[in-house]
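Inspection log for the structure reproduced underneath, given as structure tokens.
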Amino acid sequence: MTDISETDDNLNLTPDYRPLDLEKEIREFWEQNQIRVKLEQREKDCKGILGYVEGPPTLNGIPHIGHARGRVMKDIRYRWKTMQGYYVPFWAGWDCQGLPVELEVEKLLGVKNKRELVERVGQERFVEECKKVIMKYHREWVEADKRLGVFINQEKAYWTYRDEYIEREWRYLKRAWEQNLLEEGNYVVAYCPGCQTSLSSAEVGYEGSYKEVEDPSLYFKFKKTGSENEFFLVWTTMPFTIITDTMLAVRPEAIYAKVKVGGEIWIMARQRVEPVMQELALSKYEITEVGSGKSLEGAKYDYPLVDIIPKQAELENNHPLVHHVISEDFVDIDTATGVVHLSPGNGEDDFWVAQRRGVPIFAPFDDEVKFTKDAGLFNGVFARDADYPVVEELRNRNAFVEVKKTKHEYPTCWRSHHKLIWLARKEYFLRTDKINSKVLEAAGKIEYFFDEPKNRFVGFLKEGKPWCISRERIWGTPLPIWTCQSCKQKKAVGSKAELIENALDEIPENFELHKPWVDRITFRCLQCGGVMRREDYVLDTWHNSGASPYARFTDDQFGKFVPTDFLTEGIDQTRGWANSLLLEYVILTGKPESPYRAFLFQGLTQDARGRKMSKSLGNVVETNKLLEKNSADLCRFYMMRKCSPIDFMNFDMQELNRRSYQVLSTLYHLSRFFLENSVFDNFEPSQEALTLNKLEPPDRWLLSKLQSAITVFTEKLEKCEFNMALAVLEDFVIETLSRLYVPMIRKELWTDNPETRKRRMDIYAVLHFALKTVTLLFNPVTPYLSEALYQKVYRKLDPTLPTSINFDAWPEPDAASYNKIVEEEFDSLFKAASLVYAARQQGKLKRRWPLSTVIVVATEKIVCALKNVEAMFLELTNVKTIEYMPNIPSLPEEENWVSAIEGDLTIIISAKRDEKLLGEGIMRDLARRVQALRKELGYMPTDILDGVHIAELDGESCGLVSCYLPEMSELVRARQMNLHEKRSELPEADWHETELDGKKVYISIH
Ligand SMILES: [Zn+2]
Ligand SMILES: [Zn+2]
């Protein structure tokens, strides 16, 4: 007999499941044995490669539970596919540049804007500070991955700020440049006055960008030139745009009306007359004339602010359409007045209207979105601060009608939450609009797992706008375009070598591919001999991460790992990484192909009350803090089990330790139960082959259930239905194994009779196989618990197993073990048993009281099934005999019959108490308490006790139970059973108090 308490302490399973201790131990085990490193070496003999590229977290903050959820999904896929024999380059990556990092550093340095940053801090120091910040957060992320048990390769991580990465990203751009897909252009872009940079249209649509803001709601009027008293009535929420106004627009096919109000005639869409008059609280008005929008085209109006904005007079002289009415189909006649004013310097539609007609774009703004001297009186005023001054100026010039305040949804900067302003600026664009059909074709080939995020993604891609990739910032990948200062010739650079080769001056030693160093490099223009300087932009940070499938690998690796197999990121990445990856890959390859075959968009993670996690609410759950006191396995299991990966998840600390703990703890205790019993009987898995035809029905049932668990679990993982997959495992552990199978076989393990040893070996073999399989299936989700059980149970029994569970093979279903008939028989058995329990409850007969007979009324089919598993049925229901009947019989009236019915199955039992059986019931009651006590005092299930003493049981019970004492001693494995009237009869005994039907009873064992 092996005494496991004497063996290596590390191979022990403590009596209770203590995940935190266990995880610490396993983490050390993985490190000491270099398990992750060794997994990486399996590329040589893998059955296939599944490419992967990490969606790089931005190193500008501490990892929280939402990040953890996504990382666990990645790790599940990695561990699972690795066990299936694939090689996955599961290498980390970090997004290091761009606005998010810059703003974090600005905050640290106490800098308010970019000008202050450049003047007070300087670019060199700023770059150093940015690097410090990313390294600080990097430590947090690595720590979180380690605690979570995410097996990502940190040594092979890519960093988007490193020269080698930037160089490869430049190649993307050079390729775009050569295909005329990268262009300089003057377009209207969304601009953040806080960050002082333009944003891409993708960024404008980010989750949470739209906020309710208060703006003026202004009705104003422009006098029709040459008329006596006719005015165009216009509405806006951005009065500052009247400064850059150059045209009015109407809808050509719509009906417009002239409305007499007081002594004036106002021109507006016919259908808007009543609502607008009502809003303006004007009851006295009269429509005097109607006509089409087209008829208004060409009319001129008197721009009212011309005296304080002299540039407007100049514009009017230079182009015949300035301050004229044009007609355009996009004009909305369902809101406002149906007459819109156009500011091509401040609106996308307006811009294109002006472009088509050659009307000059008037955008007199500096980088802080303050008006320049071209805006006359408003020189130096921040755009949005000009709103009310403009209103006042209109009032002074009889151009004002009414101003109120309005609350509406308006896009704000996703980083700084400033109200965005649309501005015409010179920027660099990837002309993704030109390749939109290829992008959509590529998107159509991707597996998304769920329809809703797919529709959202494809819907966004259909917008197909040019991508503004230039940013007027510092810490970013420099735009590799140099322009000749004389002839404006441009040149795209694709590598550092190209830079060094062509530079006019020698490159200093500490040179890196960042501002300000890269700005100091100049070239000679081949066209005219002039000096070429770099265009002073860095790239949109989304371009950095979007380049990763190419930029993070060597050419060799790129060929091997891309297209990648499976990527997953948050749903917010429909406009972010998923988009930039796809666009850049289509540009790079020129083909309608995606760099990923499948993309799972995850729902966001919120707090327990369903609120967004935010610093201001103080409800952010930081991964490292959480895992100091909580088990990683539990968190992993809980997050995956709670809801579908695409659902918004409410992370609830209270829930974490309930059901999830129960599931993992049950697996732990089942494994421990198996280990203790099997070690006692010297079970050796290699000696005891699992032979199906020698097994009993419960074993065959269990193995059959196991086959569907393997099949369904694997299918659900494949579909990314992690919650449904884990429901399968949970059910198998809690219901199939713990609640149903173990109670059926437990009693057979209570004996050490050599005659029944073979049966016990069969049970161990079944338990070994089922539990080990389940442990393997659990590994991707709960890697710590699985590894611990693998080492402490399975490798302990069989040291020839691989060093780590991660090297073991993924379980495959075995068709021979699948047995539909046995499953049906057991379905009938459990259904019938539950009806017996229900009848007992009705008759107030405790389950531990044996019953002499149960009558089963059922169809031939059910009866047949039950007959095959009758022994099990009697054992489970604690009944002596069973009678089958086709119809409900007439029963003797003196007995108190109770029954339970479900469908075509009826169970009838007699509620009459039988003294003999009651005695047996009491005995079983007491036996259960002795069993519990044995366990509590640390006896092995198979240890034989010298004696059991029971004291202060009432006289009647003593009488009923006395003849069952020999049976009881066998049940509880004791040589002697003794009943005592008083505890004092055995004063030296260690008495333990318990209760039987509300009365106190005392037990002592030794
Ligand atoms: Zn901003
Ligand atoms: Zn030149």
Side-chain angles (χ1 to χ4, degrees), residues 58 60-61 95 97-118 126 130 133 177 184 188-213 346 365-370 382-385 409-423 425 427 468-476 480-493 502-504 521-543 572 575-576 614-616:
T58 307
N60 72 324
D95 206 2
Q97 306 174 130
L99 262 188
V101 179
E102 288 199 37
L103 293 180
E104 181 70 20
V105 176
E106 280 189 5
K107 230 189 306 170
L108 283 173
L109 296 173
V111 179
K112 275 190 228 61
N113 58 42
K114 197 168 79 185
R115 196 172 52 195
E116 196 186 335
L117 180 72
V118 173
F126 182 61
C130 287
V133 159
W177 182 258
E184 182 194 21
V188 168
V189 291
Y191 190 88
C192 172
C195 304
Q196 288 173 31
T197 184
S198 48
L199 301 176
S200 67
S201 53
E203 285 170 306
V204 175
Y206 280 161
E207 195 80 44
S209 295
Y210 278 76
K211 295 239 178 303
E212 193 179 73
V213 300
N346 292 107
F365 299 100
D366 68 8
D367 286 349
E368 293 172 40
V369 204
K370 286 179 181 164
F382 170 59
R384 294 306 317 238
D385 291 343
E409 295 280 307
Y410 186 84
T412 62
C413 172
W414 63 287
R415 294 303 314 178
S416 67
H417 296 298
H418 284 85
K419 277 190 217 174
L420 297 177
I421 295 175
W422 268 256
L423 283 182
R425 288 181 69 90
E427 301 285 352
C468 173
I469 56 160
S470 48
R471 296 290 180 274
E472 293 87 334
R473 299 291 313 187
I474 297 158
W475 176 237
I481 306 285
W482 271 255
T483 304
C484 173
Q485 302 304 294
S486 318
C487 74
K488 302 299 167 200
Q489 175 76 14
K490 288 181 195 288
K491 172 188 174 65
V493 173
N502 294 302
L504 280 178
I521 304 225
T522 53
F523 304 132
R524 179 75 58 215
C525 172
L526 296 178
Q527 195 102 339
C528 76
V531 176
M532 301 187 100
R533 290 190 189 284
R534 198 183 71 83
E535 291 287 293
D536 190 10
Y537 296 101
V538 295
L539 294 178
D540 179 0
T541 176
W542 299 101
H543 191 279
D572 47 341
R575 286 169 173 270
S614 74
K615 274 185 195 161
S616 56

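Just so you know, ligand 1 is whichever comes first in the structure, and atom 1 is the first atom listed for that ligand. For clarity, every value in this text was computed on a predicted model and none was experimentally measured.
- Among the backbone and side-chain atoms of Cys413, an N, O or S atom lies under 2.8 Å from the Zn ion (ligand 1).
- At distances below 3.5 Å, not a single donor-acceptor pair connects side-chain atoms of Arg471 with backbone N or O atoms of Asp540.
- Here Ser416 meets the criterion, with an N, O or S atom under 2.8 Å of the Zn ion (ligand 1).
- Atom CG of Leu526 sits in a sparse spot, with 12 or fewer heavy atoms from other residues, nucleotides or ligands closer than 6.0 Å.
- Angle subtended at the Zn ion (ligand 2) by Cys487 SG and Cys528 SG: 110°, rounded to 10 degrees.
- Using a cut-off of 2.8 Å, one finds that His417 contributes no N/O/S atom close to the Zn ion (ligand 1).
- Between Arg425 and Glu472 a salt bridge is recorded (basic side-chain N to carboxylate O distance below 4.0 Å).
- Classification of the Trp422-Tyr410 ring pair by plane angle, with boundaries at 30° and 60°, yields perpendicular.
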